[in-house]
Novice: 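One structure, pasted below without further comment.
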Amino acid sequence: MGLVSAVLSGFVLALIAPWIYRIARGATGWLLAIFPLALFAYFLSYIGAVAAGDVVRVSYPWVPSLGINLSFYLDGLSLLFAFLITGIGALVLIYTGGYLKDHSHLGRFYGFILFFMASMLGVVLADNTMGLFLFWELTSVSSFLLIGFEHEKESSRAAALQALLVTALGGMALLGGFLLLNQAVGSWEISELVRQGDAIRTHSLYIPIVLLVLAGAFTKSAQFPFHFWLPSAMEAPTPVSAYLHSATMVKAGVYLLARMTPALAETALWTGTVTAVGAVTMVFGAAIAFRQSDLKLILAYSTVSALGIMMMLLGVGTAGAVQAMVVFLFGHALYKGALFMLAGAIDHEAGTRDVNRLAGLRSAMPVSAAAGLLAALSMAAVPALFGFYGKELFYESLAEDYLMPVLLFASVLTSMIFVAVAVLAGIKPFIGETTSSAKQPHEAPISLWLGPVTLAATGLVLGLWPSMVDKSALLPAIHAVLWRPVFLELALWHGLNPIFLLSMATLASGSGLFIFRSRLLRLFSWLDALRDCGPRNGYSLALAGLNAAAQAQTRVLQSGYLRYYLLIVVATATVLSGYKLLQDIESLSFGRLFDVTFYEAAPALLILLAAFMATRVRSRLAAIAALGVVGFSVALVFVLFSAPDLAMTQFSIETLTVILFVLVFYHLPRFAILSSAWTRARDTFVALTAGGLITAIMLKASGVELHPKISTYYIENSVPLAHGHNIVNVILVEFRGLDTLGEITVLAIAAVGVYALLKFWPGKTETR
Amino acid sequence: METLLAFVVGGLYAAGLYMMLRRSVLKLIIGLGLFGHAANLLIFTMGGLTRAQPPILFGLPADAAAGVADPLPQALILTAIVIGFGVQAFALVLIRRAVQAVGTDDLDQMKATDT
Amino acid sequence: MDASLIPLLPGAQVLLTALVVMLLDLFIDEHERGLLAWISLLGLALCGAEAILLWGSSEGTFGDTLLLDNFALFFTQIFIAVAALTVLSSMRYVRETGIHEGEFYSLILFATTGMIVMAAANDLMVFFLGLETMSVAVYVLTGMWRSSARSSEAAMKYFLMGAFATGFLLYGIALIYGATGSTNLNQISAYLLEPQGQWPPYLFVGGLLLLVGFGFKVGAVPFHFWIPDVYEGAPTPVTGFMAVAVKAAAFAAWARILMHELSPLDSDWALPLRVLAIATMTIGNLLAISQPSVKRMLAYSSIAHAGYLLIGIVAGEEWGSTSLLFYLATYAPATFGAFAVITLLTEQDKPKEDYGHFAGLGFKRPFVAMAMSLFMLSLAGFPPLAGFTGKFHIFRSAIIAGHTDLAIIGVLNSLLSVIYYLRVIVMMYMNEGGVKGKSFIESPYLYTAVGLAAAATIYLGVLPMRTLEWSRSAFSSLF
């Protein structure tokens with residue numbers, strides 16, 4: 001029960017957050033932070049049990065007929081993510097209070113953030129794939145709302161929609177993957193799926209399952225070529241970038257693949273795809289991060305790159321790689337969260353985020369400068385900071401079992417850029433000569449520096465004493481992915497091994513990259529031309545194409561001409577029924593053509609003649625007369641073939657109809673020739689084809705010996721049951737009395753309609 | 001006669017359809033009327049034609065009753081005729097109103113709702 | 001004749017209420033006409049209660065031309081709920097727009113009667129009558145917005161296309177009658193099950209003509225042309241009524257007649273149906289993207305939803321049919337709710353239906369905007385809302401029946417729909433909206449209708465179990 005309320009209470013709080021803001025105003029951030037802190041403490045209480053290998057699982061039936069439960073599951077991996085979500089969440093709430101101070105919709109913003117927090121907790125705690133999908137989509141929706149929060153800007157709205165479309169595309173794929181997984185092994189529970197790994201890997205649906213699940217994870221975690229939404233999402237207010245787009249939500253894809261590793265990994269398809277996509281994203285993201293000058297974009301692309309590292313490590317999938325992934329993930333959340341919040345604070349205090357214009361802020365913002373220094377050193381993987389361990393394990397895992405020279409080379413290159421980018425984003429703004437900026441900078445309020453300082457300090461403390469977390473929080477997470485015992489002990493000093501030397505070399509050359517950055521950028525400036533052919537442009541082109549196609553289609557299909565609509569309907573119906581009939585055209589029966597007497601043939605020919613006349617005449621009255629002739633001739637046919645009741649009805653109704661037509665048409669304009677000769681020829685063709693089809697059908701029918709009719713029942717029972725001799729009448733009022741009732745109803749409604757139209761006969765109507 | 005009626009129904013259908021594809025809404029409603037007649041004749045023919053034996057059992061011996069015309073399609077057509085009339089009456093008033101509101105009977109001019 | 005009259009009860013109840021409303025209208029004063037809405041609601045509530053009490057019965061009457069089983073009752077509940085919501089949301093609207101209340105309510109009830117008959121019809125002729133009852137009433141309702149030329153034009157177009165489609169149905173019924181010798185569904189299916197080998201080919205044509213008629217009523221491509229014009233021109237509460245109830249009624253008849261009783265012919269129209277489903281989804285969604293008016297967008301999107309429903313028909317069998325019924329139930333509240341919100345935006349007889357009119361609604365009317373967001377997200381298929389559970393079951397049934405390709409196309413289409421549904425949310429929350437002096441139809445009943453629809457949207461998404469059970473039991477009663 002505890003887990004359920006841990007997730008669901010966040011949604012409740014999100015709903016009432018705007019009201020809390022109305023009362024608490026400036027203190028709201030601090031007040032709301034109590035909630036994630038309490039959750040943090042709650043999860044902390046499980047740390048001993050989970051480290052000992054226990055898991056917590058609760059389950060409530062939701063859609064029992066499909067076996068879908070509302071179930072939650074807490075193991076080492078979930079717990080690690082839960083700590084990040086609640087811990088950083090608390091800091092972000094406090095930070096928001098300072099960053100968006102007095103924003104007119106701040107209350108709603110708190111609601112969105114809490115909504116996201118609860119959804120994200122749901123993602124990492126859900127045990128049911130449908131539950132996971134549900135929370136997964138909710139994080140996408142909350143991300144949409146948060147990115148679009150600064151809605152005055154068109155670019156914000158476009159970015160919000162872009163992020164949602166890309167992640168929703170992945171979400172749909174994920175749903176498909178889960179459906180197929182259920183088809184394959186008959187379970188929705190992840191805890192069950194991971195036990196069925198062998199069955200899944202050998203199942204015929206394995207390939208589509210893997211591709212769909214990967215599509216979900218790659219879009220969410222901004223992997224190449226879906227990465228473009230993440231930099232665009234930097235339109236969001238900085239607390240959102242720090243929280244969703246670096247520390248938590250974008251890691252959901254990594255979480256998913258880690259979670260699914262026991263069920264899906266260890267095949268060539270998985271290893272190859274995940275490793276390759278991760279590696280490309282890693283290098284690509286780092287390279288672009290290097291050439292950015294906007295603080296947030298630098299951090300965004302370096303986040304893309306870091307996510308690539310995690311994906312690549314998951315793909316490699318050895319014990320060492322998974323260890324490295326978990327340790328790197330934890331360290332990344334600490335320093336990247338700090339750097340993002342600092343970027344926001346700098347923007348807030350100095351009025352710009354352009355690194356080329358930022359310098360010398362250390363005297364004005366000493367606390368922030370200290371936090372920036374620590375976070376940057378951690379990102380650069382300087383020993384004694386937590387980021388160092390991730391990098392060490394990362395190198396080690398690629399070098400350990402089998403040498404992967406290409407991957408190792410790419411990783412070293414990326415890490416070098418990380419060093420340069422870390423200095424650029426976390427140190428450069430604070431050192432050097434003060435430049436004149438739009439605003440007189442001064443230290444940020446405590447709400448703005450508390451978050452970065454806490455995260456940066458944590459990175460230092462844990463860097464010095466890694467034993468505080470390695471066995472308690474990180475190792476259980478590694479176990480949850482690997483499902484076999486591994487050993488993890490993080491130590492600052494491993495001796496002077498080649499890996500350590502490589503790390504030092506990386507640091508040195510990374511610093512060099514920073515120093516020569518502007519020169520390098522100029523050297524590679526010709527690459528800027530490639531910027532416009534990236535996947536982002538593919539997205540815009542696709543969207544524009546879609547719009548154009550939609551408009552073109554609307555113009556063509558919805559032309560507004562009723563007769564085209566009718567034409568298409570008739571053509572469709574004719575083609576559909578025609579293709580079946582044409583298969584045996586020879587069976588048409590003309591056998592009963594000549595069994596007619598003259599006075600039978602006369603009305604039939606009269607009908608044809610009058611119908612033809614109706615299409616030709618110019619005068620309205622002549623057309624009505626032709627219609628009348630058709631009606632009366634039909635009545636004659638009824639008389640000749642034993643249907644006197646019908647004939648009488650037809651005669652009287654036809655008379656009324658003609659009168660009505662004359663009355664109404666009298667007031668209306670004359671016929672004019674409105675169509676061109678070509679149109680008329682085309683319509684004639686269509687009409688004759690359709691009419692010919694009906695004739696063909698009837699000729700076929702007359703060739704078939706008819707089935708004994710139900711009607712014998714009526715003939716036999718008319719007198720005994722209903723004491724009526726006119727069977728048609730008996731049918732109408734007794735056997736099928738319902739028809740008559742319905743008939744009367746329709747007439748009544750038509751009368752109401754006529755009455756309604758006549759009563760308010762408009763003397764003048766609104767003209768267009 | 002069934003064969004002849006097959007051509008009659010086909011012809012009526014074609015004529016009705018042709019009228020419905022015209023631009024004048026008045027022609028359209030006449031087309032609808034032709035369409036309705038064709039439908040009635042179709043049901044009538046499909047039920048099988050019987051000469052001079054209406055389904056009225058007055059004074060008929062029991063064995064002769066088996067040969068009378070099928071009463072069911074006749075009942076169905078009766079229903080269709082009556083409904084058709086009601087609908088047509090409504091349609092005429094509706095069209096007159098629409099023509100007055102828009103000021104023409106040319107359907108191509110009636111595109112207020114299309115974008 | 002000793003036919004039991006019990007199966008007539010729900011339909012007769014509504015018909016009676018319609019007549020009472022119509023008659024009372026002649027005798028009461030202008031300012032007391034509000035009473036008519038309450039009488040209509042009372043009649044609908046009684047009918048709903050009867051439908052609940054009769055749940056589980058399976059009784060035919062008038063020579064089995066009308067069959068009251070769970071299938072009919074399930075749909076009856078949908079019709080009644082939508083009719084009641086329509087009445088609720090029209091109470092102030094009809095005054096503002098000068099629509100005559102007495103006729104309006106009685107026509108809504110007449111149409112509902114027709115729908116109930118359609119869902120319960122076990123005979124092609126009775127079905128035809130139900131259809132005509134419904135159609136004629138809705139033709140009239142469409143044109144009731146008197147001061148609007150758009151409305152009478154829409155009514156005329158609807159009528160002309162509708163009469164044309166009805167013609168197709170009549171031809172189809174005639175051909176099926178000619179081939180099988182009966183209009184009674186039991187006897188038709190008994191004929192089809194006889195091991196006699198060859199059926200006359202025009203039986204297939206008859207079924208196809210029925211398909212064209214149904215396709216018209218549900219708005220399947222290429223028989224959908226009337227939908228945007230008519231939905232846009234009709235008074236907005238009527239549009240909601242049409243988009244949900246008329247569509248559901250047509251699907252009810254489709255499910256009972258084509259899917260079930262004529263199922264031996266399935267192999268013949270499997271291909272046309274697949275093409276129909278794909279075209280309907282894709283073209284509906286593409287058309288919806290380029291619309292400047294939200295009402296028109298919703299019209300096109302209702303075409304797309306008909307496409308998803310067609311997947312259920314193609315999938316067939318137990319899951320396909322169950323998910324078809326369930327989808328209709330989940331589609332109803334969100335669609336109706338969205339139209340109710342547009343109703344709310346009407347000001348002094350002037351519709352405000354463009355995206356621009358939604359600008360800033362999130363700040364002016366936070367609860368209405370929240371409800372509208374729920375409706376949009378549900379229609380786009382986001383969990384945990386009704387639209388998601390509906391789509392989930394439809395696509396799942398397609399996969400189970402081996403139509404994985406249809407499911408994939410459906411999923412891609414719902415992604416496409418995200419673009420235009422979210423545009424509404426973007427407008428409401430991310431645009432301040434400079435329109436001055438914007439007023440709304442301030443009716444507590446309209447708000448109630450919106451609130452009820454929102455509650456149902458959440459309920460069906462979070463706790464779908466019971467409704468799913470009902471859908472399944474409704475489907476099973478066909479056997």
Side-chain angles (χ1 to χ4, degrees), chain A residues 63-65 133-134 137 141 148 151 157 161 164-165 168-169 172 176 179 183 546-547 549-551 553-554 557-558 562 565-566 568-569 572-573 576-577 580-581 584 697 700-701 704 706-710 721 734-739 742-743 745-746 749-750 752-753 756 760 762 765-766 768, chain C residues 1 62-63 65-66 100 103 107 110 117 125-126 129-130 132-133 136-137 140 144 146-149 157 160-161 164 168 175 178 180-182 184 187 191 200-202 204-205 208-209 212 222-223 225 228 272 286-287 289-290 382-384 396 399 411 415 418 422 426 429-431 464-465 468:
Chain A
V63 190
S65 67
F133 171 74
L134 157 68
E137 292 291 86
V141 172
H151 47 71
R157 284 179 257 147
L161 190 60
L164 185 70
L165 280 180
L169 175 72
M172 298 290 180
L179 277 172
Q183 282 280 97
L546 202 60
N547 266 318
Q551 266 159 19
Q553 195 199 18
T554 310
L557 277 182
Q558 300 298 134
L562 195 63
Y565 299 166
L566 294 178
I568 294 176
V569 173
T572 312
L576 279 179
S577 36
K580 183 81 179 177
L581 283 178
D584 46 0
I697 291 168
K700 259 184 191 309
V704 175
L706 274 176
H707 197 256
K709 294 269 158 64
I710 154 80
L721 280 183
E734 291 281 351
F735 295 111
R736 302 184 65 95
L738 208 56
D739 294 15
E743 198 179 297
T745 314
V746 176
I749 298 167
V752 171
F760 282 85
T765 32
E766 186 192 49
R768 292 167 297 146
Chain C
M1 299 295 288
F62 280 101
T65 52
L66 199 77
H100 192 88
E103 286 146 24
L107 282 168
F110 275 129
V117 171
M125 237 22 227
V126 172
L129 282 164
E132 282 295 270
T133 309
V136 176
V140 182
M144 285 197 93
R146 288 204 184 76
S147 58
S148 163
K157 283 187 173 176
L160 290 174
M161 300 266 323
F164 192 59
F168 274 101
L175 290 177
T180 63
S182 175
N184 185 289
Q187 279 149 359
Y191 166 83
Y202 53 91
F204 166 79
V205 178
L208 236 153
L209 292 177
V212 171
F223 315 113
F225 296 105
L286 277 178
L287 286 170
I289 287 180
S290 59
F382 279 93
R396 185 168 172 273
I399 291 177
V411 165
L415 187 73
V418 172
L422 284 205
V426 169
Y429 287 103
M430 300 179 189
N431 275 307
M465 211 43 235
L468 202 56

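Naming: A, B, ... by sequence-line order, numbering from 1 per chain. Remember, predicted model here, so these are calculated numbers, not experimental data.
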Novice: Find the distance between CD1 (Ile289(C)) and CG (Leu546(A)) and round it off to the nearest 0.5 Å.
Specialist: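 Between Ile289(C) CD1 and Leu546(A) CG, I get 4.0 Å after rounding to 0.5 Å.
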Novice: Could you tell me which portion of Ile568(A) (side chain, backbone, both or neither) has an atom closer than 4.5 angstrom to a non-hydrogen atom of chain C?
Specialist: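 For Ile568(A), side-chain heavy atoms alone lie under 4.5 Å from chain C.
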Novice: Using a cut-off of under 4.5 Å on heavy-atom pairs, state which of Glu132(C), Met465(C), Met161(C) scores highest against chain A.
Specialist: Met465(C)
Novice: Heavy-atom distance under 4.5 Å to chain A: side chain of Val136(C), backbone, both or neither?
Specialist: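 Interface part for Val136(C): both.
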Novice: Under the side-chain contact (heavy atoms from CB on, under 4.5 Å) test, which residues partner Leu209(C), sequence neighbours left out?
Specialist: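 For Leu209(C) the side-chain contact (heavy atoms from CB on, under 4.5 Å) partners, ignoring immediate neighbours, are Phe168(C), Tyr171(C), Leu175(C), Val205(C).
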Novice: Non-hydrogen atoms of chain A under 4.5 Å away: do they reach the side chain of Leu107(C), the backbone, both or neither?
Specialist: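 Side chain only.
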Novice: With Leu576(A), which residues qualify under side-chain contact (heavy atoms from CB on, under 4.5 Å), at least two apart?
Specialist: Thr572(A), Leu208(C), Pro272(C)
Novice: Atom CZ of Arg396(C) and atom CG of Leu179(A): how far apart are they, to the nearest 0.5 Å?
Specialist: 7.5 Å
Novice: Counting C-beta onward and ignoring hydrogens, is there a side-chain heavy-atom pair between Val117(C) and Leu129(C) closer than 4.5 Å?
Specialist: no
Novice: Counting heavy-atom pairs closer than 4.5 Å to chain A, which one of Leu66(C), Leu287(C), Leu160(C), Val140(C) comes out on top?
Specialist: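 Heavy-atom pair counts peak at Leu287(C).
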Novice: Is the shortest side-chain heavy-atom distance between Leu415(C) and Val411(C) below 4.5 Å?
Specialist: no
Novice: Would you mind checking which part of Pro464(C) comes under 4.5 Å of any heavy atom in chain A, side chain (CB onward), backbone (N, CA, C, O), both or neither?
Specialist: side chain
Novice: So what's closer than 4.5 Å to chain C heavy atoms on Leu566(A): side chain, backbone, both or neither?
Specialist: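 Both backbone and side chain.
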